[in-house]
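Some notes on the structure that comes next.
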Amino acid sequence: MSLVNLIAQGVLLGGYYALIACGLSLMFGVMRIVNLAHGDLAVLAAFLVLTISTTFDVSPFLALVVTVLIMAAVGWALQRFILERSLRSGLLVPLLATFGLSIALENMLFEAFGADTRSLGDLIGDLVFDSVEVTSAFSLSYLAMLIFGLAVALLGALSLFLKRTSLGRAIRATAEDPDTAELVGINARAVYGVAAAISVATVAVAGAMLAMRATFDPYSGPMQLIFAFEAIVIGGIGSLWGTLVGGVVLGLAQSVGATLNPKWFLLAGHLTFFAVLAGRLARDWGRARGGLRAALGF
Amino acid sequence: MDTFETVLRAGRLNRRDLIKAAGGMAFAAPFGLAAPARAADATLKVGFVSPRTGPLASFGESDPFILQQVRAALAKGVEVGGKTYGIEILDRDTQSDPVRAGQLAKELINKDKVDFMLSTSTPETVNPVADACEAAGVPSLSTIMPWEAFYFGRGAKPGEPSPFKWSFLFSFGVNDFLKCYVSQWNGPVQTNKKVGALLPNDADGNAIRAHLMPALAKAGFTIVDPGGYEDGTTDFSAQIAKFKSEGVEILVTFPIPPDFATFWRQAAQQGLTKQLKIVQVAKTGLFPSTIEALGSLGPNIASACYWHKDFPYKSSVTGMSSKDIADSYEKATGKQWSQQLGATQSLFDAGVAALKASGAPTDKAALAKAISTLKADTTVGAIDFAKGPVPGVVNTPIIGTQWIKAKPGSKFKLDYVITENANDPNVPVGAKLIPYNG
């Protein structure tokens with residue numbers, strides 16, 4: 001039973017990673033930008049949810065709805081005023097711009113909210129620790145299941161949106177080749193704005209979930225970015241369902257690693273990430289030389 | 001005025017300089033630029049390094065308040081050996097970065113030419129500052145980090161003479177935790193004496209694993225240690241399963257705050273919290289905000305403090321009692337008092353006492369010598385460097401505490417009560433420890 005528990009906890013944890021990775025994956029897939037401020041935007045959203053929820057005395061879930069809208073606007077503005085300008089100067093500049101934004105956000109949050117560790121846990125009552133106890137050694141937390149469900153729903157909705165709507169098609173076309181997309185009448189600039197808005201809106205959901213399942217402070221962002229980044233690399237860059245797979249693989253690797261030795265929790269995740277990356281590089285290197293076997297001289 | 005001060009500060013006063021300076025005075029006086037009626041004979045520069053921003057910022061949060069109190073109390077200067085010295089405190093923020101802490105210390109030494117260095121809160125702050133001072137020959141006094149990490153962690157060997165000439169520390173150590181925990185766990189709450197140890201694989205966690213755990217086992221407790229985890233771990237299912245199957249009733253942990261919140265909620269989700277009677281948390285849970293962030297899982301967590309507003313000691317610099325300090329902080333900031341208030345105050349108490357004891361505070365060697373035998377009254381109690389445990393280090397107590405729900409009508413959500421006093425019987429015990437699920 002402990003093995004079942006282990007796998008279940010690992011998969012549920014993977015749901016959280018998929019949720020936080022979803023926006024990063026979308027932004028990279030469409031605009032080819034690795035947004036280094038991704039984690040900090042999640043923390044910004046967490047602070048927004050907390051502020052709205054405590055100021056107006058409303059449920060954090062209601063506050064999250066408002067926050068998602070605000071963060072969508074933030075995403076659009078981010079694209080229009082920072083990313084667009086920096087994209088004109090090559091690939092490295094957006095990376096530096098988002099890195100700068102990350103530092104600026106952290107310090108602005110610190111100025112505004114101070115260094116205290118916060119959480120939304122105490123605003124959602126018993127949900128934070130309620131669980132279904134299957135056996136004494138196996139229980140499933142409602143919150144973890146909610147987060148996993150949200151990740152699946154969000155990825156599913158995004159995937160449908162990209163496949164079935166005209167705006168979704170425009171985003172995919174722009175992602176393939178912005179210049180050609182413009183030739184057929186797509187406004188690439190507007191499409192980028194929408195993609196950034198959606199991406200940052202999903203970050204808001206992830207930030208709120210981070211704040212419910214754990215704690216956050218102005219400097220919690222970078223660690224979340226690392227998990228998100230590993231999930232999308234493991235799952236295949238730019239693939240939405242791959243992000244879920246990547247998240248689950250990362251979560252499972254960490255749980256299994258921690259059971260063997262608690263020291264190996266993060267290490268197992270990092271090693272899996274590295275193994276996948278190395279495997280892909282070897283495959284591509286081999287392909288360029290007519291198959292891995294041929295390249296190695298077998 | 002500038003020349004006058006600089007010359008005196010540098011301690012190189014000759015006749016020509018004095019005349020130059022006096023000339024300056026004569027010019028300045030009619031225009032109202034002269035110093036107050038009783039001018040300081042010289043100004044001492046004191047560096048103060050602490051983490052005010054970054055992950056360790058909750059330690060430094062109350063420092064501006066204490067600095068304000070201390071600056072006001074020292075505005076008229078300090079009299080040493082018949083001379084009055086003005087005191088200028090140069091406070092610096094490490095941003096929780098040990099590399100930056102070292103750079104700041106070097107800057108204070110080389111550029112600002114400080115006479116004396118103070119630093120507080122965690123090895124990440126104190127060690128690099130103390131190392132820089134040791135290298136440059138500037139007296140340095142610190143507090144709030146385990147003394148073993150300060151002394152042995154910086155290269156001293158057990159049984160050999162101390163390699164340090166300039167850096168001094170008064171703080172707690174592993175033995176203080178041991179005495180406190182044994183007293184706390186053998187108190188009013190009955191347990192099966194099985195202790196689950198959740199210790200990270202970092203400097204603090206490994207030191208506690210190597211030194212505190214065997215001592216606790218000797219004191220009659222069974223230790224269940226699943227092994228060190230990395231800071232930033234997001235899932236603790238493996239450890240929780242182990243603690244559950246071993247039937248532990250006491251939990252002891254030294255986590256960073258975000259890790260503890262994650263662990264503790266999972267422990268509740270997976271039913272571990274139901275079987276625990278004492279939850280002894282160190283490192284996290286020093287400050288109200290980290291416990292408040294746990295919501296309904298926060299109250300009844302046991303902790304330990306290095307200062308408390310019920311300490312029967314007062315500051316020798318400001319004259320304020322421990323209770324006065326906490327009350328005036330709450331009044332001035334609207335925030336709940338925290339144990340770092342008294343700790344930072346005690347550093348200034350001891351620092352000023354050292355300047356007075358030196359007889360010649362601008363003489364760095366005299367100041368260092370004075371600290372090596374310093375006796376001082378501070379907010380954390382009387383300290384005496386002659387007593388050890390090792391040269392240049394004084395032990396200060398760790399007192400067992402518990403976070404409990406505040407009484408109705410209180411301004412804050414939680415109350416922090418003293419539950420044992422094995423390390424310092426002068427500290428009044430305010431409440432009986434209650435079981436976590438009590």
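Letters go in sequence order (proteins before strands), and every chain restarts at 1. Bear in mind that the values here come from a model prediction, so they are computed numbers and not experimental data.
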Might you confirm whether atom [atom1] of [X] has over 12 heavy atoms from other residues, nucleotides or ligands at distances under 6.0 Å?
X: A/Phe274; atom1: CZ; result: no
X: B/Lys331; atom1: NZ; result: no
X: A/Phe229; atom1: CZ; result: no

Contact leader toward chain A among [options], where contacts are heavy-atom pairs under 4.5 Å:
options: B/Gly228, B/Gly298, B/Ser296; result: B/Gly228
options: B/Ser58, B/Pro226, B/Pro288; result: B/Pro226
options: B/Leu294, B/Thr262, B/Thr53; result: B/Thr53

Exercise. Among all residues two or more places apart in sequence or in another chain, which pass the salt bridge (charged side-chain N to carboxylate O under 4.0 Å, His left out) test with A/Lys263?
Worked result: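 Not a single residue meets the salt bridge (charged side-chain N to carboxylate O under 4.0 Å, His left out) criterion with A/Lys263.
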
Exercise. B/Lys277: what forms a salt bridge (charged side-chain N to carboxylate O under 4.0 Å, His left out) with it, not counting sequence neighbours?
Worked result: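 With sequence neighbours excluded, B/Lys277 shows a salt bridge (charged side-chain N to carboxylate O under 4.0 Å, His left out) to B/Glu249, given in chain and number order.
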
What closest approach, in Å, do [X] and [Y] show between heavy atoms, and which atom pair accounts for it?
X: B/Ala238; Y: A/Ala258; value: CB-O, 3.8 Å
X: B/Ala293; Y: A/Ser119; value: O-CB, 3.2 Å
X: A/Phe265; Y: B/Asp235; value: CZ-N, 3.3 Å

Hey, could you give me the [atom1]/[atom2] distance between [X] and [Y], rounded to the nearest 0.5 Å?
X: B/Gln269; Y: A/Met145; atom1: CD; atom2: CE; value: 9.5 Å
X: B/Asn201; Y: A/Asn261; atom1: CG; atom2: CG; value: 8.5 Å
X: A/Ser131; Y: B/Gln270; atom1: OG; atom2: CD; value: 7.5 Å

Exercise. Under 4.5 Å, heavy atom to heavy atom, which residues of residues 202-227 of chain A contact chain B?
Worked result: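 So far as heavy atoms go, A/Ala211, A/Met212, A/Arg213, A/Ala214, A/Thr215, A/Tyr219, A/Met223, A/Phe227 are the residues that approach chain B to under 4.5 Å.
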
Exercise. Going by residue number, which parts of residues 8-22 of chain A are within reach of chain B, meaning a heavy-atom gap below 4.5 Å?
Worked result: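 When heavy atoms of chain B are the reference, residues 8-22 of chain A contributes A/Gln9, A/Leu13, A/Tyr17 within the under-4.5 Å range.
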
At a heavy-atom separation under 4.5 Å, does [X] approach chain A through its side chain, its backbone, both, or neither?
X: B/Asp259; value: neither
X: B/Gln239; value: side chain
X: B/Glu292; value: backbone
X: B/Glu61; value: side chain

Exercise. Taking atom types as modelled, is there a side-chain donor on B/Arg265 or A/Ser141 under 3.5 Å from an acceptor on the other?
Worked result: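 Distance-only check fails for B/Arg265 and A/Ser141.
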
